[in-house]
Chemist: 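My questions all concern the structure below.
To find a chain, count down the sequence lines: A is the first, B the second, and so on, and within it residues start at 1.
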Amino acid sequence: MLRHVTNRILGQALRVPATPNPAAVGGAGLPRMYHERVVDHYNHPRNVGSFEKNEEDVGTGLVGAPACGDVMKLQIKVDNGTGKIVDAVFKTFGCGSAIASSSVATEWVKGKQMEEVLNIKNTEIAKHLSLPPVKLHCSMLAEDAIKAAVKDYEAKRSKANGKH
Amino acid sequence: MTSKLLAALLRRSLLKPTTSSCYSTTFIHRRPLSTAAAIVEPLEEDANGITMKGVKISGRPLYLDVQATSPVDPRVLDAMLPYYVSRYGNPHSRTHLYGWESENAVESGRAQVAALINASPKEIIFTSGATESNNISIKGVMHFYKDKKRHVITTQTEHKCVLDSCRHLQQEGFDVTYLPVKPDGLIDLEKLRESIRPDTGLISVMMVNNEIGVIQPMEEIGKICKEFNVPLHTDAAQALGKIPIDVDKMNISLMSLSGHKIYGPKGIGALYVRRRPRIRVEPQMNGGGQERGLRSGTVPTPLVVGFGAACELAMREMEYDDKRIKALQERLLDGIREKIDGVVVNGSTERRYAGNLNLSFAYVEGESLLMGLKEVAVSSGSACTSASLEPSYVLRALGVEEDMAHTSIRYGIGRFTTEEEIDRAAELTVKQVEKLREMSPLYEMVKEGIDIKKVAHFGYGVVAGRIQLDQSGRSSSGHLSSRESNLCLIRLC
């Protein structure tokens, strides 16, 4: 009886709840470990969708090759007057890291100026997602998609300006 | 009484778990006062589910990866346990009861394995697994006959251990022909005939492929080998206990068998070595001359007993399992096909083992699909290649398009798979594929009517080239390195 009581008291004092620490876990160098941010972007993808390609304020960047297992389409909607990106959407055929890289890319370009987003580097995306070395090409492709979208929009603009 | 309390207090304070190391998956209980061995537990398992490697799932996943390994049948475990704790002798100990009873157990295990393949027990030697058996067969045979025979024939869809052994032989100066396969996965018998040379020492063709599940026409291949008097080796790790095997009808000289694919223990396999006509093999493990001098080392009695029991069960239940698994396979395929289109079965649909279903889903990438299918334990291609970035070389050999090769998922159905598991797996697959197709630009383009095959690459400043697969290039190297497959992104600027 006494032992039972002491067990209870001691048990409550000494029980330490296991505190999961996923932040410490990410990028620990173990093979095939998905950072929780990558899993989050996969499970709750932000900004999946399409804009109408032919609209004059939409720039479309389509990069990659199905043969390589990675194709990204990133579209930006730009305010013609200020040159600010007001909205962005993406669609990706690729692994979880590719989906997460393009999703992050759409989040980061929203609300920025077009010249600013050209400075987004793939290393920043990779660091944000803790991509392992084998998956760095996914972030590179995301950077290329951003640049391609901006280039496409500028080409459209210059054509439109050329006409008038 | 108080001393007991004090002891309890002391013990509990010492048992307080230490702070987790950077490997979150395990931590080791320190029990300085106990003689029990350290217990390793997963760190994060609570009422909400399990978290491992950054992924959270609500319970243990459904196991649909029987080609990778299978659970040990409880009856097999029952047969093994006495040989661990009470009858633990070394079967090569000649002088006492422990050795004699252990040797008896090994011999009866040997007879059980032999019965399943219609061989004599004298023709079975035990090894550590099918990989070791494959190594002994290929390297051992060619080294023994190296003066007269310098040529080996195998296929492009063999298991990695066979391909690697052949590559090793190539480095030593032997010639190896890697036969291509037809799009349904079967080898072309005419091509086999044509490639046999007077100095061909061995033909190696696996009976049931581990990735796509196709069954090669062993009897016809055996006839050709008999005609040209060339020994036939087959890797039957996936076939044992699942399809009927008769070494005499199929004219097989060497056969590799594995324990853990037929609900037996891991770490044991066997090699069938024909005695009439005798095939000679150079041993790869030197030592005390156990196992007819072909494989030295103590034979692990409990594992052999387990393997034998598993073989006997397989013999009894093969037909029943086969019927049941065929029905489950149809259920899975129908369940998936009625909800989504663009589903391709890789490999022949007629000559196929029912428990292996390898599907490709168009416009969806395999790794992202696997990420979403965490509640179902399946694999994309083979477990051996899953660590690398290569799309499976078996699918490449089938001539599957590069983008489809990335999308394949292998479902394994076994003795213990239930209908509920199949239904749930089909449901989850359909859900994930639909979600990924929503996200896929290729699906969008196809719906708009653009032919994506015409558009090989996209993008500014980045050239993605198609890798040319030519048969002659393949026959010398067998499979592409990962460096070559990563060369597809080349920056121009």
Chemist: Distance-only criterion, 3.5 Å: show the donor-acceptor pairs between side-chain atoms of residues 79-96 of chain A and protein atoms not counting sequence neighbours.
Modeler:
| from | atom 1 | to | atom 2 | distance (Å) |
| --- | --- | --- | --- | --- |
| Asp79(A) | OD1 | Gly81(A) | N | 2.9 |
| Asp79(A) | OD1 | Thr82(A) | N | 3.4 |
| Asn80(A) | OD1 | Tyr153(A) | OH | 2.7 |
| Asn80(A) | ND2 | Glu56(A) | OE2 | 3.4 |
| Thr82(A) | OG1 | Lys84(A) | N | 3.3 |
| Lys91(A) | NZ | Glu438(B) | O | 3.0 |
| Thr92(A) | OG1 | Ser102(A) | OG | 2.7 |

Chemist: Would Tyr42(A) and Leu436(B) satisfy side chain to side chain contact (heavy atoms under 4.5 Å, CB included), going step by step from the backbone distance to the final call?
Modeler: CA-CA 10 Å; Tyr42(A) 177 86; Leu436(B) 285 168; 3.9 Å; yes

Chemist: Of all heavy-atom pairs between Leu62(A) and Met445(B), which one has the smallest distance, and what is that distance?
Modeler: CD2-SD, 4.4 Å

Chemist: If you check every heavy atom in residues 107-119 of chain A against those of chain B, which residues fall under 4.5 Å?
Modeler: none

Chemist: Go through the steps to decide whether Met371(B) and Val38(A) satisfy the test side chain to side chain contact (heavy atoms under 4.5 Å, CB included), and finish with yes or no.
Modeler: CA-CA 10 Å; Met371(B) 210 163 132; Val38(A) 176; 3.9 Å; yes

Chemist: Report the residues that fulfil salt bridge (charged side-chain N to carboxylate O under 4.0 Å, His left out) with Asp40(A), sequence neighbours left out, ordered by chain and then residue number.
Modeler: Arg46(A)

Chemist: Apply ring pair (Phe, Tyr, Trp, His ring centres under 6.0 Å) to Tyr63(B) and list each qualifying residue two or more places apart in sequence or on a separate chain.
Modeler: none

Chemist: Find the distance between CG (Asn43(A)) and NZ (Lys435(B)) and round it off to the nearest 0.5 Å.
Modeler: 5.0 Å

Chemist: Within the structure provided, determine whether Pro441(B) and Met72(A) are in side-chain contact (heavy-atom separation under 4.5 Å).
Modeler: no

